[in-house]
Amino acid sequence: MSLPFTLPRGLPRLSVAPGLLALAVLTALAGCASPTHRAPVEERKPSAKPPVVQPAAASTPASSTGTNPAPAADALPPKPLPGAENAGKPGYYSVKPGDTLIRISLDNGQNWRDVARWNGLDNPNVIEVGQVLRVVTPAADPNGVVARPVAAQGRVEAKPLESARPASAPSPVVAVAAAPASAPAAVTPAPVLAPAATSRDADEDIPWAWPAAGPVATGFDEIKSKGLAITGKAGDPVLAAADGRVVYAGSGLRGYGNLVIVKHNATFLTAYAHNQTLLVKEDQAVRKGQKIAEMGSSDAERVQLHFEIRRQGKPVDPAKLLPPR
């Protein structure tokens with residue numbers, strides 16, 4: 001049996017068996033489904049969203065869950081520098097850029113080892129700008145007044161010298177002017193500052209000697225030289241200007257070269273710079289006139305001895321203290 005198949009007008013009519021027609025339809029459908037014959041369809045993908053930049057942890061606001069982010073390291077308060085609570089107090093020094101412990105100690109008339117010990121410095125080469133250092137001995141009054149017992153307040157009763165005193169009470173040393181035999185002498189209490197004055201006078205009374213035999217090329221200047229420049233030949237002897245103890249021997253102070261610092265008492269120290277050879281060590285006792293170094297030109301433009309005398313750390317003119325030549 002054949003089915004009528006209508007063709008366009010002008011074409012002959014064909015009779016197709018149902019089996020053949022079904023096979024043709026299946027073949028056409030299979031050809032359309034084949035991967036090698038895909039229809040030219042443009043596939044559109046959704047555009048990618050721009051990346052979301054998360055803000056830094058320090059500026060991230062609290063989330064809706066109520067969990068606050070951890071604070072950034074730079075948001076923490078700065079750590080206080082050692083000794084900051086003593087800034088501006090007498091007897092303390094605030095470290096400035098370029099300072100070294102040796103320089104600070106020299107400017108305050110102290111042994112750098114003592115300053116390191118007073119401030120508990122594990123490494124004396126490591127100090128921070130803004131750090132506050134004690135530069136006077138803890139036993140001293142930072143204002144320069146030594147603490148002493150004060151005489152009892154109240155009226156002082158005059159008694160004859162013959163009055164007996166208990167055997168256990170020490171007799172004060174009192175300067176009493178001679179008085180007529182008929183008039184009893186009054187006991188004058190000792191001045192409170194008398195011991196300090198005596199000690200300070202003793203500190204000032206130093207028999208100085210010239211540290212080198214050469215001529216003075218440059219005089220004292222409190223701002224520039226801070227001492228005397230004594231010329232000579234390389235290897236000339238450098239002598240201790242007075243009895244004392246070496247508190248520094250080395251080259252750790254810029255501008256001084258090979259340097260020796262001698263502390264003579266609580267008031268004075270001397271500095272001997274630009275040596276070519278050092279002959280003493282720290283904590284060594286020296287005598288006036290002892291050879292402590294040899295003249296040189298370390299950290300200098302010529303052979304010379306740069307000599308300083310410092311009173312309580314402040315440079316003074318050595319020519320006013322040294323004996324005339």
Side-chain angles (χ1 to χ4, degrees), residues 91-93 95-96 98-127 131 133-138 140 203 206 208-212 220 222 225-230 236-300 303-316 318 321-322:
Y92 291 88
Y93 176 83
V95 178
K96 299 177 178 59
D99 279 343
T100 64
L101 191 64
I102 299 171
R103 167 73 70 176
I104 294 170
S105 303
L106 177 63
D107 290 343
N108 289 275
Q110 302 292 353
N111 184 340
W112 70 270
R113 293 183 182 275
D114 291 337
V115 176
R117 185 177 69 255
W118 298 337
N119 294 277
L121 300 179
D122 296 330
N123 186 350
N125 296 318
V126 179
I127 54 177
Q131 181 177 355
L133 300 175
R134 172 183 281 275
V135 291
V136 297
T137 174
D203 284 352
I206 293 180
W208 297 103
W210 282 83
F220 173 79
E222 190 174 355
S225 65
K226 300 182 180 180
L228 302 180
I230 304 173
D236 282 354
V238 174
L239 312 176
D243 296 349
R245 186 171 295 275
V246 177
V247 295
Y248 181 75
S251 57
L253 192 58
R254 181 178 299 178
Y256 283 78
N258 294 324
L259 171 69
V260 176
I261 302 176
V262 178
K263 191 173 181 66
H264 303 285
N265 51 38
T267 301
F268 286 102
L269 56 76
T270 51
Y272 312 76
H274 305 311
N275 305 288
Q276 74 172 11
T277 306
L278 304 181
L279 304 177
V280 291
K281 299 179 180 180
E282 290 184 14
D283 204 35
Q284 177 180 338
V286 295
R287 306 292 294 179
K288 181 177 73 172
Q290 178 180 338
K291 185 177 178 181
I292 60 175
E294 293 179 350
M295 192 179 297
S297 58
S298 58
D299 212 357
V303 175
Q304 63 176 343
L305 169 66
H306 174 77
F307 175 67
E308 294 183 10
I309 297 180
R310 296 203 175 206
R311 177 189 283 117
Q312 299 290 348
K314 181 180 180 181
V316 296
L321 299 176
L322 294 173

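As the structure is a prediction and not an experimental result, all values here were calculated from the model. Side chains are part of it too, since the values below use all heavy atoms of this structure and drop only hydrogens, waters and symmetry mates.
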Is the backbone N or O of Leu259 less than 3.5 Å from a side-chain atom of His306, with the two atoms forming a donor-acceptor pair by type? no
Could you report the tightest heavy-atom contact between Leu278 and Gly250, atom names first, then the distance? CD1-N, 3.5 Å
Go through it in stages, so that I can follow the logic: the residues are Phe268 and Leu321, the test is side-chain contact (heavy atoms from CB on, under 4.5 Å), and I'd like the CA-CA distance, side-chain angles, deciding distance and then a yes or no. CA-CA 12 Å; Phe268 286 102; Leu321 299 176; 4.1 Å; yes
Please round to the nearest 0.5 Å and tell me the distance separating atom CD1 of Ile104 and atom CD1 of Ile127. 4.0 Å
To the nearest 0.5 Å, what is the distance between CG (Asn275) and CD (Gln304)? 10.5 Å
Please answer whether the main-chain N or O of Asp203 pairs with a side-chain N or O of Asn265 as donor and acceptor at a distance below 3.5 Å. yes
4.5 Å side-chain heavy-atom contact, Trp208 and Ile309: yes
Assess whether atom NZ of Lys96 is packed by more than 12 heavy atoms of other residues, nucleotides or ligands within 6.0 Å. yes
State, to 0.1 Å, how close Glu308 and Tyr256 come at their nearest heavy-atom pair, and which atoms those are. OE2-OH, 2.8 Å
Does any part of the side chain of Tyr248, heavy atoms only, come nearer than 4.5 Å to the side chain of Glu282, both counted from C-beta? yes
Only pairs at least two apart or in different chains count here, so list each ring-ring contact (aromatic ring centres under 6.0 Å, His included) that has a residue in residues 270-293. Tyr272-Phe307
Which distance, rounded to the nearest 0.5 Å, do you find between the CD of Gln110 and the CG of Leu133? 12.0 Å
What do you reckon, is NZ of Lys291 surrounded by more than 12 foreign heavy atoms closer than 6.0 Å? yes
Is there a side-chain contact (heavy atoms from CB on, under 4.5 Å) between Val262 and Gln290? Walk through the geometry before answering. CA-CA 12 Å; Val262 178; Gln290 178 180 338; over 6 Å; no
To the closest 0.5 Å, what do you measure between CD (Gln312) and CG (Leu269)? 9.5 Å
Roughly how far apart are Thr137 OG1 and Arg134 CZ, rounded to 0.5 Å? 7.5 Å
Closest approach of Phe220 to Leu228 (non-hydrogen atoms, all atoms of both residues): N-CD2, 3.7 Å
With a 4.5 Å cut-off on side-chain heavy atoms, are Pro211 and Ile230 touching? yes
Exercise: identify the closest heavy-atom pair between Val135 and Trp118: C-CZ3, 3.7 Å
For residues Asp107 and Tyr93, is any side-chain donor paired with an opposing acceptor at under 3.5 Å? no
Applying salt bridge (charged side-chain N to carboxylate O under 4.0 Å, His left out), which residue pairs with at least one partner in residues 239-260 are found, sequence neighbours left out? Asp243-Arg287, Arg245-Asp283
Could you tell me the separation between the CG atom of Asp114 and the CG atom of Asn108, rounded to the nearest 0.5 Å? 12.5 Å
Listing request: all salt bridge (charged side-chain N to carboxylate O under 4.0 Å, His left out) pairs with a residue in residues 261-271, at least two apart in sequence or in separate chains. none
Can you confirm whether Leu253 sits close enough to Arg103 that some side-chain heavy atom of one is under 4.5 Å from a side-chain heavy atom of the other? yes
Side chain Asn119, main chain Leu121, donor-acceptor under 3.5 Å: no
Shortest non-hydrogen contact from Ala212 toward Met295: CB-CE, 3.9 Å
Closest non-hydrogen contact found for Ser298 with Asn258 is OG-N, 3.0 Å
